[in-house]
Amino acid sequence: MTDFEARMRLYRRLSDEAYAAVPHVEAWYGEGDGELLDVFVQPARSAAPVFVFIHGGYWRALSKEDSAFVSPMLHAAGAVVVTLDYALAPAVSLSHIVDQVRRAIAWIHRNIDHFGGDPQRIVVSGSSAGGHLTGMVLAAGWHTEYGVRAEAIIGALPLSGLFDVRPLLHTHINGWMGLDLAAATENSPSLHLPERATTPIVACYGALETAEFAAQTRGFVDAWAGRGGPATLHAVRDRDHFSVVTELTDADSLVGRAALHLLGLGPHARH
């Protein structure tokens with residue numbers, strides 16, 4: 001078994017344990033392929049902050065069933081946690097995936113109060129491809145069309161994301177993404193920043209990752225800060241591209257503390 005396979009099995013094992021331990025419901029946010037999400041509810045609490053997690057897998061693999069492991073720690077701290085699915089490449093385009101994620105955020109904004117969540121306090125996070133999609137939620141110009149108050153996104157925690165996908169045009173990844181320059185430009189968060197950024201972001205990558213992920217994350221943080229947005233960058237010690245996300249299982253880890261801070265929960269939160 002390769003290290004990658006071992007990590008994927010770990011995601012699924014931890015997620016199976018989370019499904020068994022944390023109350024949740026599955027819901028459709030649309031009628032298309034893959035338009036499902038899991039809500040880890042707070043039945044005894046109203047107006048809890050909401051943590052939305054978008055899975056990675058280079059837009060062509062994994063699912064919410066591999067992502068439930070992010071829920072136990074955050075749920076125990078008082079958050080409603082949502083993990084979502086989207087259709088996978090190459091069956092659909094990156095623009096289609098971005099549209100799905102934005103419609104999922106719109107569904108959450110409209111409906112999360114039925115599950116104990118506060119629709120005005122949503123933190124969005126994701127790993128790898130999910131980090132990119134988190135960036136596309138932060139991008140300007142879509143919220144009104146989808147019926148989302150931009151101010152409802154109170155924080156973002158992209159992990160090991162890609163924020164300018166134009167370099168993928170000349171890699172093997174484009175074999176399944178099928179991007180041209182126009183699509184890559186349209187779907188690069190760093191090229192669609194708000195005129196004035198206000199949402200706090202904490203962007204992390206594993207210190208053991210490749211230079212490209214470090215450079216992309218650093219570039220996005222610098223660009224966000226350049227638009228006035230609160231932005232923090234962390235290179236997480238002893239973590240690589242696949243292990244940095246597992247820090248969300250630990251309230252005392254760097255990434256775990258960052259998530260709780262953005263949500264306004266726990267001893268490290270800003271009140």
Side-chain angles (χ1 to χ4, degrees), residues 1-12 15 32-35 53-67 69 83-102 104 124-139 157-193 203-223 233 235-236 238-246:
M1 183 188 303
T2 66
D3 185 57
F4 172 78
E5 291 170 332
R7 295 292 176 81
M8 297 308 103
R9 291 193 178 190
L10 176 63
Y11 290 177
R12 181 56 67 99
S15 293
D33 180 43
E35 295 182 354
F53 184 79
I54 309 167
H55 72 80
Y58 267 117
W59 306 280
R60 71 165 182 171
L62 300 181
S63 71
K64 63 182 178 61
E65 279 73 29
D66 303 293
S67 306
F69 69 86
T83 57
L84 61 90
D85 266 345
Y86 49 86
L88 300 176
V92 300
S93 68
L94 184 54
S95 294
H96 183 90
I97 293 170
V98 168
D99 171 67
Q100 286 184 306
V101 169
R102 288 172 171 174
V124 181
S125 180
S127 176
S128 191
H132 161 265
L133 294 166
T134 298
M136 291 304 292
V137 172
L138 292 169
L157 181 64
L159 307 174
S160 303
L162 292 170
F163 304 98
D164 183 349
V165 299
R166 291 175 298 179
L168 298 182
L169 291 171
H170 308 294
T171 71
H172 71 284
I173 295 166
N174 209 33
W176 65 79
M177 293 308 299
L179 296 168
D180 58 19
L181 180 59
T185 301
E186 175 189 344
N187 292 295
S188 288
S190 63
L191 304 181
H192 301 283
L193 299 177
C204 304
Y205 65 93
L208 303 179
E209 295 198 58
T210 63
E212 179 65 17
F213 284 103
Q216 287 249 353
T217 305
R218 187 178 302 110
F220 187 70
V221 165
D222 289 346
L233 173 69
V236 185
D238 301 322
R239 297 295 186 181
D240 61 22
H241 189 71
F242 302 106
S243 61
V244 66
V245 66
T246 62

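Keep in mind that this is a model prediction, so the values were computed, not measured.
- Taking the six-membered ring where tryptophan is involved, the planes of F163 and F220 are essentially parallel, since the angle between them stays under 30° and well short of 60°.
- A203 and V221 get closest at one heavy-atom pair: CB-CG2, 3.5 Å.
- One finds the CG atom of L138 at 9.0 Å from the CG atom of L193 (value rounded to the nearest 0.5 Å).
- Between E186 and V98, every side-chain heavy-atom pair lies at or beyond the 4.5 Å cut-off.
- Contact record, S128 with G56: CB-CA, 4.3 Å, taken as the closest heavy-atom pair.
- Scanning both residues, T185 and H192, for their nearest heavy atoms gives O-NE2, 2.8 Å.
- Checked against side chain to side chain contact (heavy atoms under 4.5 Å, CB included), T134 has the following partners two or more places apart in sequence or in another chain: I54, V124, A156, P158.
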### Query
Would Y86 and H96 count as a side-chain contact (heavy atoms from CB on, under 4.5 Å) if you check the C-alpha gap in whole Å, the side-chain angles of each, and the deciding distance to 0.1 Å?
CA-CA 9 Å; Y86 49 86; H96 183 90; over 6 Å; no
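- Under the 4.5 Å side-chain criterion, counting only non-hydrogen atoms from C-beta, Q216 is not in contact with Y205.
- D66 and S63 are linked by a side-chain donor-acceptor pair at a separation below 3.5 angstrom, with hydrogens and angles left out of the test.
- Ring geometry for H132 against W59 counts as perpendicular: the plane angle is over 60°, on a 0 to 90° scale with 30° as the lower cut.
- Side-chain atoms of L157 and F53, non-hydrogen and from C-beta on, never get closer than 4.5 Å to each other.
- In this structure, CG on L162 lies 10.5 Å from CG on L133, to the nearest 0.5 angstrom.
- Here R12 contributes atom CZ and L62 contributes atom CG; the two are 8.5 Å apart, rounded to the nearest 0.5 Å.
- Scanning both residues, S15 and E65, for their nearest heavy atoms gives CB-O, 3.1 Å.
- Put simply, CG on L208 and CZ on F213 are 13.5 Å apart, with the number rounded to the nearest 0.5 Å.
- Across every non-hydrogen atom of L168 and N174, the tightest pair is O-CB, 3.3 Å.
- Around atom CG of D33, no more than 12 heavy atoms belonging to other residues, nucleotides or ligands sit under 6.0 Å away.
- With values rounded to the nearest 0.5 angstrom, S95 atom OG is found 7.5 Å from M136 atom CE.
- Once rounded to the nearest 0.5 Å, the distance linking CD1 of I97 with CG of L88 reads 6.5 Å.
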### Task
Would you check, one step at a time, whether the test side-chain contact (heavy atoms from CB on, under 4.5 Å) holds for S243 with R7?
CA-CA 8 Å; S243 61; R7 295 292 176 81; 3.4 Å; yes
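- For the pair M177/V165, no side-chain contact is recorded, criterion being any heavy-atom separation below 4.5 Å from C-beta on.
- A heavy-atom distance below 4.5 Å is not found between the side chains of L179 and R166.
- Relative orientation of the Y58 and H241 rings is parallel, given thresholds of 30° and 60° on the angle between their planes.
- Here the shortest heavy-atom pairing between T246 and R239 reads OG1-NH1, 3.8 Å.
- D85 places none of its side-chain heavy atoms less than 4.5 Å from the side chain of Q100.
- At least one side-chain heavy atom of F69 sits under 4.5 Å from a side-chain heavy atom of V245.
- Under the 4.5 Å side-chain criterion, counting only non-hydrogen atoms from C-beta, H55 is not in contact with T83.
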